[in-house]
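These notes concern the structure reproduced below.
First the proteins, then the strands, lettered A, B, ... as listed; each starts at 1.
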There are 2 protein chains.
Amino acid sequence: MKAGELANRFSVNVNTVRHYVRSGLLSPDKDASGYHYFSAEEERQLAFILRARELGFTLDDIRQLLNDATSGESPCPHARELIELRLTEARQKLNSMQSLVSRMESAVREWQALPDCAPCGDHICHLIEGGHHE
Amino acid sequence: MKAGELANRFSVNVNTVRHYVRSGLLSPDKDASGYHYFSAEEERQLAFILRARELGFTLDDIRQLLNDATSGESPCPHARELIELRLTEARQKLNSMQSLVSRMESAVREWQALPDCAPCGDHICHLIEGGHHE
DNA sequence: ATAAACCTGTGAGCGACTCACAGGTCAAGG
DNA sequence: CCTTGACCTGTGAGTCGCTCACAGGTTTAT
């Protein structure tokens, strides 16, 4: 199977597949004319990569898990450590996204009652500068 | 006021200040020896930038708002449009972060009952490959 | 024979910093 | 006067995970 076909089968951009090849997550053989040949094993490996990505692993994490597996080690202990790490990070990011969204929603709400400002030199945009709530 | 002092006053990394200078959001004059001189106006402008950043505007957005203001236009209409745009994006990102976190939490929960796998050739990591729920 | 539709590697762009580096400037202490 | 150290400068590159563009090679259909 060639790159485009594999990409189609998994509904990902062909450039994503090529990115994984470039960064060593997939290592397909090449045929005589230089085209990549993705075997069933590569296919399974791509499925693994995509599932791991869905679970919040970084590509570096995935590289490490794949290295474990190919060097005969169980990747599971690393997977457990890494997912805890990524989950902590994801929760932090989620929190900051939540406060961002509510900050933005408050601003939009407050701005509805406010007129546009004319540029008068003592502020840049009173909407933005005005509503501090800390 | 020089870069480091300004950065301290606003509790931001001095490199952030320098980044804003480099990308044209701040345009301090320079003294004879080549050092940047941040006036009270620059200071107010940095405060504006930081507040806008808190409200989810991109640096490009902020650049546009500053351009409006310096070209004598009221930035408020743009601010209103842009914040709606960024809010929509932020909500989408928040949603995807929420589903990511719950996917990760489910995985961690399920994995507690599962043993580490030995690498047996027909899977890479059964923890990761196992639990699809779509 | 030629055009369309693939494929290849490589380089660059996204966003908002952050760090590293080489070199200039300045104040304080000996 | 000189050195040390702390600051400053511009520039280049790294982060992350793609995504696109480009120039050129291959294959397939007409």
Rounded to whole Å, how long is the line connecting atom CZ of B/Arg63 with atom C1' of C/dA16? 11 Å
Spacing between B/Asn8 atom CG and D/dA6 atom P, to the nearest angstrom: 15 Å
Rounded to whole Å, how long is the line connecting atom CG of B/Leu6 with atom P of D/dT9? 11 Å
Could you give the CG-to-P distance, from A/Leu59 to D/dT15, as a whole number of Å? 13 Å
How close or far is atom P of D/dG14 from atom CG of B/Asn15, stated in whole angstroms? 16 Å
Between B/Arg86 and B/Glu81, is there a salt bridge with N-O shorter than 4.0 Å? no
With five pairs defining each end axis, the helix from C/dA1-D/dT30 to C/dG30-D/dC1 comes out bent, to 10°, by 30°
Can you tell me how the ring of A/His126 sits relative to the ring of A/His123, calling it parallel under 30°, perpendicular over 60° and tilted otherwise? parallel
Distance check needed: C/dC17 P versus B/Phe57 CZ, whole Å only. 15 Å
Separation of C/dA16 P from B/Leu55 CG (nearest whole Å): 14 Å
Taking atom types as modelled, find out whether B/Asp31 and B/Ser33 have a side-chain donor-acceptor pair closer than 3.5 angstrom. yes
Would you check, one step at a time, whether the test side-chain contact (heavy atoms from CB on, under 4.5 Å) holds for B/Leu59 with B/His19? CA-CA 11 Å; B/Leu59 296 192; B/His19 175 61; 3.7 Å; yes
Between CZ of A/Arg86 and C1' of D/dC16 the distance, given in whole Å, is 11 Å
Hey, does the side chain of A/Arg22 come within less than 4.0 Å of C/dT8's phosphate (OP1/OP2), counting only N and O? no
Pick out the pairs of N or O atoms, protein on one side and nucleotides 3-7 of chain C on the other, that lie under 3.5 Å.
unit_1: C/dC7; atom_1: OP1; unit_2: A/Gly4; atom_2: N; d: 2.6

Could you check whether the side chain of B/Arg18 and the base of D/dG10 have a donor-acceptor pair of N or O atoms closer than 3.5 Å, going by distance alone? yes
Any side-chain to backbone donor/acceptor pair from A/Arg103 onto A/Gln98? Under 3.5 Å, distance only. no
Do the charged groups of B/Glu5 and B/Lys2 touch, with an N to O distance under 4.0 Å? no
Base, sugar-phosphate or nothing for B/Tyr20? Non-hydrogen atoms, less than 4.0 Å. sugar-phosphate
Using modelled atom types and a 3.5 Å cut-off, is there a donor and acceptor pairing between side-chain atoms of B/Ser74 and backbone atoms of A/Cys117? yes
Would you say D/dT9 has OP1 or OP2 under 4.0 Å from some side-chain N or O of B/Ser33? no
For A/Ser23 and D/dG17, is the shortest distance between a side-chain N/O and OP1 or OP2 below 4.0 Å? no
Taking A/Glu84's backbone N and O only, do any of them form a donor-acceptor pair with A/Thr88's side chain (distance below 3.5 Å, no angle check)? yes
side-chain contact (heavy atoms from CB on, under 4.5 Å) partner of B/Ile124, the single match among A/Leu66, A/Leu65, A/Ile49, A/Ile62: A/Leu66
Yes or no on side-chain contact (heavy atoms from CB on, under 4.5 Å) for B/His36 and B/Met1, after CA distance, side-chain angles and deciding distance? CA-CA 8 Å; B/His36 290 313; B/Met1 187 165 10; over 6 Å; no
Any side-chain N or O of B/Lys30 below 4.0 angstrom from OP1/OP2 of D/dG10? yes
Counting only side-chain N and O atoms of B/Asn13, is one of them less than 4.0 Å from OP1 or OP2 of C/dC19? yes
